[in-house]
Amino acid sequence: MTTTDLLPPPPRAAARRALLAGSAGNLVEWYEFGVYGCFATVIAANFFTPQAGTVAGAGVQGGAEALVATYASFALAFFFRPVGALLFGRIGDRFGRRPTLVLVIGLMTLATTLIGLLPTRADIGAAAPWLLTFLRVLQGLSAGGEFGGAVSLMAEYAPPGRRGLYGAWQSFTVALGLLAGAATAAALATVLPAAALYAWGWRIPFLLALPLGAVALWLRTALEEPPGAPPAGPGTAAGTTDPAGTTGVREQARAVVLGIGRIMGWSAAGYAFLVVLPSHLQSALGASFRDALLATTLVNLGFAASILPAGLLSDRIGRRPVMLCGALGVAVLAIPLLYLLQSPGTSTQARIAAVLTAGALVGLLAGPGPAMLAEMFPRRVRCTGLGLSYALANAVFSGCAGLFITALAARTGNTAVPAHYAAAACALSVPALLTLRGNDHREPLR
């Protein structure tokens, strides 16, 4: 135990400010990702379809190819997340959490707003998808640094016995962002005719990121560093004062790999159910744009409703039992729930129950997950370590989800691909979750 473990808990007002500022950026980030997922077919038509018009108007094959290209751009942004986790995580571990959080929210807001201003392929030709992809890369870099800085801040400010709840707010604002994105898309699809939505209406949700980001930036500029933080500067860099040397580096590398194993099911199931669902329902099951958005809104409601209770429960009984219930639940129920959803004889009430259940199961993983990762790394490398674990897991199991599911469903004709994908990833994460110790949630942060 170090002297920082013996520091008194931070004042409640300071902890609340840190919680608000730390989670605000997540809402902006995931609002944008939710919007991108909901408008995947519209973006495909405007940026990745050679001929102007809707995906439907481009033909089935052309529409499928454009949608795959849209998800390839989506995946590329995720593969820049580990780079952002290393870059901004090192800044957070060397100079403090605040500089990282200010930088990443500024970059995310700028890139998202510019997407709303981009000329389409009909305007400037083949340059349009490349510009969109470049802005997605910037978003990937900022998102990679967001998680590590925000979760470190909230975990280090959390009162005793409340790390799970404080960390769950990160996931809860993710759910709020996805809900806001889906609700905005659904509202626009309701009030605008299809031609207007494809022509200019899709830009509105991206432009709304500007005021949202400005508020988050204002909150973060007023932040103070968590209690017990070392003096900012190069002398506090992760690794520069590490007496463990190479052995410490190997230990942290093993912790990153283990962290990826523990959250791979969360990453895969979260994107399969929460982000990929609307375009999959349209392209594979023939659902209307409006019905697909309604299903996405409901699954995100189930997700949001279970996150904070799951985080609070993990503070009482431990991270392991709560996260195991979520992983095993997805592994067992994902396929039956999807078949129930797509069966013609299923009642409306049963369909609603199916999507709410799917979202709630992901919430059991997302609630305790941030605190669990924060507890795996010492303060000097916490931003980098937990951010890298999260970014790599998301790059492989989330960023590729839309591309993999859409391409495989188109090739095989199997409409249950999203459920198989989520179930397999959660089943594989169970052995890693079993390595969690029962009393980790009661130990002070290192």
Under 4.5 Å between any side-chain heavy atoms of [X] and [Y], yes or no?
X	Y	answer
Thr120	Arg203	yes
Leu141	Leu87	no
Arg97	Ser152	yes
Leu117	Leu207	yes
Cys383	Thr100	no
Tyr166	Leu19	yes
Ile115	Arg136	yes
Arg17	Leu219	no

Residues in ring-ring contact (aromatic ring centres under 6.0 Å, His included) with [X], at least two apart?
X	result
Phe377	none
Tyr390	Phe147, Trp266
Tyr31	none

Partner residues of Leu313 under the side chain to side chain contact (heavy atoms under 4.5 Å, CB included) criterion, sequence neighbours left out: Ile317, Val322
For Leu392 and Val256: C-alpha separation, side-chain torsions, deciding distance, then whether side chain to side chain contact (heavy atoms under 4.5 Å, CB included) applies. CA-CA 9 Å; Leu392 286 170; Val256 168; 4.2 Å; yes
Kindly determine whether Leu118 and Phe47 satisfy side chain to side chain contact (heavy atoms under 4.5 Å, CB included), including the steps that lead there. CA-CA 10 Å; Leu118 273 184; Phe47 289 92; 4.1 Å; yes
Tell me every residue that passes side chain to side chain donor-acceptor pair (under 3.5 Å) with Thr112, counting only those two or more places apart in sequence or in another chain. Gln139
Salt bridge (Lys or Arg N to Asp or Glu O under 4.0 Å) pairs touching residues 305-315, sequence neighbours excluded, are Asp315-Arg319
For Leu301 and Leu298, what are the C-alpha separation, side-chain angles and deciding distance, and is it a side chain to side chain contact (heavy atoms under 4.5 Å, CB included)? CA-CA 5 Å; Leu301 280 173; Leu298 288 173; 4.2 Å; yes
Looking at [X] and [Y], would you say the former's side chain and the latter's main chain have a donor-acceptor pair under 3.5 Å?
X	Y	result
Arg220	Val102	no
Thr435	Ala432	yes
Arg81	Gly144	no
Arg163	Ala155	no
Thr173	Leu176	no
Tyr198	Pro193	no
Arg98	Thr221	yes
Asn300	Ala175	no

[X] to [Y] - nearest heavy-atom pair and separation:
X	Y	answer
Leu192	Trp200	CD2-CH2, 3.7 Å
Gly259	Met376	N-CE, 3.6 Å
Leu365	Gly265	CD1-C, 4.1 Å
Cys426	Ser429	O-OG, 2.8 Å
Ala310	Gly367	CB-CA, 4.3 Å
Val299	Val355	CG2-O, 3.2 Å

If I take atom [atom1] from residue [X] and atom [atom2] from residue [Y], how far apart are they, to the nearest 0.5 angstrom?
X	Y	atom1	atom2	value
Leu217	Leu101	CG	CG	11.0 Å
Ile335	His420	CD1	NE2	4.0 Å
Leu340	Leu333	CG	CG	11.0 Å
Leu212	Met108	CG	CE	12.5 Å
Leu135	Leu114	CG	CG	5.5 Å
Ser306	Leu364	OG	CG	5.0 Å

Between Arg320 and Leu433, is a side chain to side chain contact (heavy atoms under 4.5 Å, CB included) present by the stated rule, with each step listed? CA-CA 6 Å; Arg320 182 173 60 188; Leu433 289 171; 5.6 Å; no
Test: Glu375 and Arg262 ion pair at under 4.0 Å: no
So, Trp169 versus Phe172, ring centres under 6.0 angstrom or not? yes
